[in-house]
Peer 1: 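Here it is: the structure, laid out below.
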Amino acid sequence: MTGPDYRIDGFAPASDRVADDFDVATLFDDMYTPLAAHHTADGQSFLLFYDRSAIWDNVPGTAEYVGMHFERDLDERTFCFDVTRQPTVPLAQNWLITRGCPPEEIEPDAAFGPRPADALTTRLEDRLRTNPNSRYTLLDHYTHNPGRFDEGAEVRVIVHDAHPDAADRPYRLFLEETTPSFAAYTVREGAFSTAEDADTWVQERNGPLPLAPQGDLARRAAAARSRTTASATPGPATAAPGPAPAAAPGAARSRGGRS
């Protein structure tokens, strides 16, 4: 099986470093399933792949989605590129969108992968895809994909949420669970006071996921906090919670485009 068409025939890497990085990024690209692509007249390409080889990676939990952004010099006939590995489709899309890809042009082919099981899943994915006002900072992620049809797959993504409504529990766990048949998946958002609490829940599973408020419930909770603050006796100011230091690049997985 041949690798993807990167549309670089007749183009040379812009430097030796680009050439080396491209060789590393495409070493096993015969295992890449194309999910979406967008090409521009000025020489840019935005590509989204599912990496079928990630399940056998030496690093447990390796992310299964690959995003690539190519920039070509049409006069010099050279190219540069960036590449990322992300645990879920929305996070890979966000990476491409922040590099200039129109959001509507990088939607995965509907023929590949499972479908969102409900409206909440779609809403949470839309929020991760757009990441409004850069509210989410990715801290850690892990993909559990046993590669069997008698067991589903699971992706865990821990972020810091900078939105004011999340001030009480700013560390969010996005849990993506795919059915054993790989026909459908759900995404749920858990809310925690610390990243360590989120990780502890993942490891112990000693209760239901403490779900983050959604929609009107979140607004009512914010209003209640505002009323409580206004009626309380003023005290010493406390520092607002900020993002925890980002974890070193790790491993993760996500659903979609399996064969």
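Keep in mind that the numbers below use all heavy atoms, side chains included, and drop hydrogens, waters and symmetry copies. Values in this document were obtained by computation on a predicted structure and should not be read as measured data.
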Peer 1: Decide yes or no on side-chain contact (heavy atoms from CB on, under 4.5 Å) for Thr137 and Val159, but give the supporting numbers first.
Peer 2: CA-CA 5 Å; Thr137 300; Val159 305; 5.9 Å; no
Peer 1: What's the verdict on side-chain contact (heavy atoms from CB on, under 4.5 Å) for Leu74 and Phe11, showing C-alpha distance, side-chain angles and the deciding distance?
Peer 2: CA-CA 9 Å; Leu74 302 181; Phe11 289 82; 4.0 Å; yes
Peer 1: Before you tell me yes or no, could you show the steps for Phe81 and His69 under ring-ring contact (aromatic ring centres under 6.0 Å, His included), namely the whole-Å CA-CA distance, both residues' side-chain angles and the distance that decides it to 0.1 Å?
Peer 2: CA-CA 5 Å; Phe81 87 108; His69 174 213; 9.9 Å; no
Peer 1: Between Leu211 and Tyr171, is there shared hydrophobic-cluster membership here, with clusters defined by ILVMFWY side-chain heavy atoms closer than 4.5 Å?
Peer 2: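 Leu211 and Tyr171: one cluster.
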Peer 1: Ring-plane angle category for His38 and Phe46, please: parallel below 30°, perpendicular beyond 60°, tilted otherwise.
Peer 2: parallel
Peer 1: When you look at CG of Asn133, are more than 12 heavy atoms from neighbouring residues, nucleotides or ligands closer to it than 6.0 Å?
Peer 2: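 It does not: Asn133 CG has 12 such atoms or fewer within range.
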Peer 1: To the nearest 0.5 Å, what is the distance between SG (Cys80) and CD (Glu71)?
Peer 2: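 Reported value, rounded in 0.5 Å steps: 7.0 Å.
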Peer 1: Hey, are the side chains of Asn145 and Ile55 touching, using non-hydrogen atoms and a 4.5 Å cut-off?
Peer 2: yes
Peer 1: Does this structure show an ion pair linking Arg123 with Asp126, if we count only N-O contacts that are shorter than 4.0 Å?
Peer 2: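 Here Arg123 does not pair with Asp126 in a salt bridge, since their nearest N and O are not under 4.0 Å apart.
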Peer 1: Counting C-beta onward and ignoring hydrogens, is there a side-chain heavy-atom pair between Val66 and Thr84 closer than 4.5 Å?
Peer 2: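 Contact flag for Val66/Thr84 side chains = no.
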Peer 1: In terms of ring plane angle, is the pair Tyr136 and Phe174 parallel, tilted or perpendicular, where the classes change at 30° and 60°?
Peer 2: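 Rings of Tyr136 and Phe174: perpendicular, over 60°.
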Peer 1: Could you grab the distance from atom CG of Leu47 to atom CG of Asp29, nearest 0.5 Å is fine?
Peer 2: 11.0 Å
Peer 1: Distance check, rounded to the nearest 0.5 Å: Glu177 atom CD versus Leu209 atom CG?
Peer 2: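 Glu177 CD to Leu209 CG: 8.5 Å, rounded to 0.5 Å.
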Peer 1: Working to the nearest 0.5 angstrom, can you tell me the gap between Arg99 CZ and Asn94 CG?
Peer 2: 9.0 Å
Peer 1: Can a side-chain donor-acceptor contact be found between Arg72 and Thr78 if the only test is distance below 3.5 angstrom?
Peer 2: no
Peer 1: When the ring centroid of Phe49 is compared with that of Tyr32, is the distance short of 6.0 Å?
Peer 2: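 Under 6.0 Å, so yes.
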Peer 1: Could you tell me if the ring centre of Phe79 sits under 6.0 Å from that of Phe22?
Peer 2: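 When the ring centroids of Phe79 and Phe22 are compared, they turn out to be within the sub-6.0 Å range.
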Peer 1: Is there a donor-acceptor contact under 3.5 Å linking the side chains of Glu64 and Tyr50?
Peer 2: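 Per modelled atom types, Glu64 and Tyr50 side chains form a pair under 3.5 Å.
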Peer 1: Any idea which heavy atoms bring Ser193 and Pro170 closest together, and the distance?
Peer 2: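 Heavy-atom minimum between the residues: O-CD, 4.0 Å.
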Peer 1: Using a cut-off of 6.0 Å, state whether more than 12 heavy atoms not belonging to Glu104 lie near its atom CD.
Peer 2: yes
Peer 1: Is any side-chain heavy atom of Thr121 closer than 4.5 Å to a side-chain heavy atom of Arg188?
Peer 2: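 Side-chain contact under 4.5 Å: yes.
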Peer 1: So, taking the atom named CG in Leu124 and the one named CD in Glu176, what distance separates them when rounded to the nearest 0.5 Å?
Peer 2: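 If I round to the nearest 0.5 Å, the distance is 11.0 Å.
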Peer 1: Under 3.5 Å, is there a donor on one side chain and an acceptor on the other for His144 and Glu151?
Peer 2: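 On atom types as modelled, these side chains qualify, holding a pair under 3.5 Å.
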Peer 1: Taking atom CZ of Arg7 as the centre, report whether more than 12 heavy atoms of other residues, nucleotides or ligands fall under 6.0 Å from it.
Peer 2: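 Check fails, neighbour count at 12 or below.
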Peer 1: Given side chains that start at C-beta, do those of Thr26 and Met68 come closer than 4.5 Å, heavy atoms only?
Peer 2: yes
Peer 1: Please check if any side-chain donor atom of Asp197 sits under 3.5 Å from a side-chain acceptor atom of Thr194, or the reverse.
Peer 2: yes
Peer 1: Is the closest side-chain heavy-atom distance between Leu96 and Leu48 below 4.5 Å?
Peer 2: yes
Peer 1: Applying side-chain contact (heavy atoms from CB on, under 4.5 Å), run through His160 and Leu139 and close with a yes or a no.
Peer 2: CA-CA 7 Å; His160 179 272; Leu139 302 180; 4.3 Å; yes
Peer 1: Do Pro103 and Gln93 have side chains that get closer than 4.5 Å, going by heavy atoms?
Peer 2: no
Peer 1: Find the distance between OG1 (Thr130) and CD1 (Ile97) and round it off to the nearest 0.5 Å.
Peer 2: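 Thr130 atom OG1 to Ile97 atom CD1 measures 7.5 Å (nearest 0.5 Å).
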Peer 1: Heavy-atom distance under 4.5 Å between the side chains of Arg129 and Glu107, does that happen here?
Peer 2: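 SC-SC contact between Arg129 and Glu107 confirmed.
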Peer 1: Could you check if a side-chain atom of Val157 sits within less than 4.5 angstrom of a side-chain atom of Val155, using non-hydrogen atoms only?
Peer 2: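 With C-beta onward as the side chain, the pair touches.
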Peer 1: Flag yes if Met31 and Leu27 sit in one hydrophobic cluster, no otherwise; membership is Ile, Leu, Val, Met, Phe, Trp, Tyr, and two members link when side-chain heavy atoms are under 4.5 Å apart.
Peer 2: no
Peer 1: For Glu154, is there an ion pair with Arg205 - N to carboxylate O distance below 4.0 angstrom?
Peer 2: yes
Peer 1: Taking the basic N atoms (NZ, or NE/NH1/NH2) and the acidic carboxylate oxygens, is any pair closer than 4.0 Å for Arg127 and Glu189?
Peer 2: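 Between Glu189 and Arg127 there is a salt bridge, with a charged N closer than 4.0 Å to a carboxylate O.
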Peer 1: More than 12 foreign heavy atoms under 6.0 Å from CG of Asp150: is that the case here?
Peer 2: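 Enclosed: over 12 neighbouring heavy atoms sit under 6.0 Å from CG of Asp150.
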Peer 1: Would the distance check show the side chain of Arg85 and the main-chain N or O of Val83 forming a donor-acceptor pair, the cut-off being under 3.5 Å?
Peer 2: no
Peer 1: Is Arg17 paired with Asp21 through a side-chain N to carboxylate O contact shorter than 4.0 Å?
Peer 2: yes
Peer 1: Between Arg156 and Asp199, is there a side-chain N and carboxylate O pair less than 4.0 Å apart?
Peer 2: no
Peer 1: Dump the intermediate steps for side-chain contact (heavy atoms from CB on, under 4.5 Å) on Val187 and Leu175, then the final yes or no.
Peer 2: CA-CA 5 Å; Val187 176; Leu175 185 67; over 6 Å; no
Peer 1: Any sub-3.5 Å donor-acceptor pair from Thr178's side-chain atoms to Phe182's backbone N or O?
Peer 2: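 Checking the backbone N and O of Phe182 against the side chain of Thr178, no donor-acceptor pair under 3.5 Å is found.
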Peer 1: Please check if the side chain of Trp201 supplies one atom and the backbone of Gly190 the other of a donor-acceptor pair under 3.5 Å.
Peer 2: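 Judged by distance alone, no pair lies under 3.5 Å.
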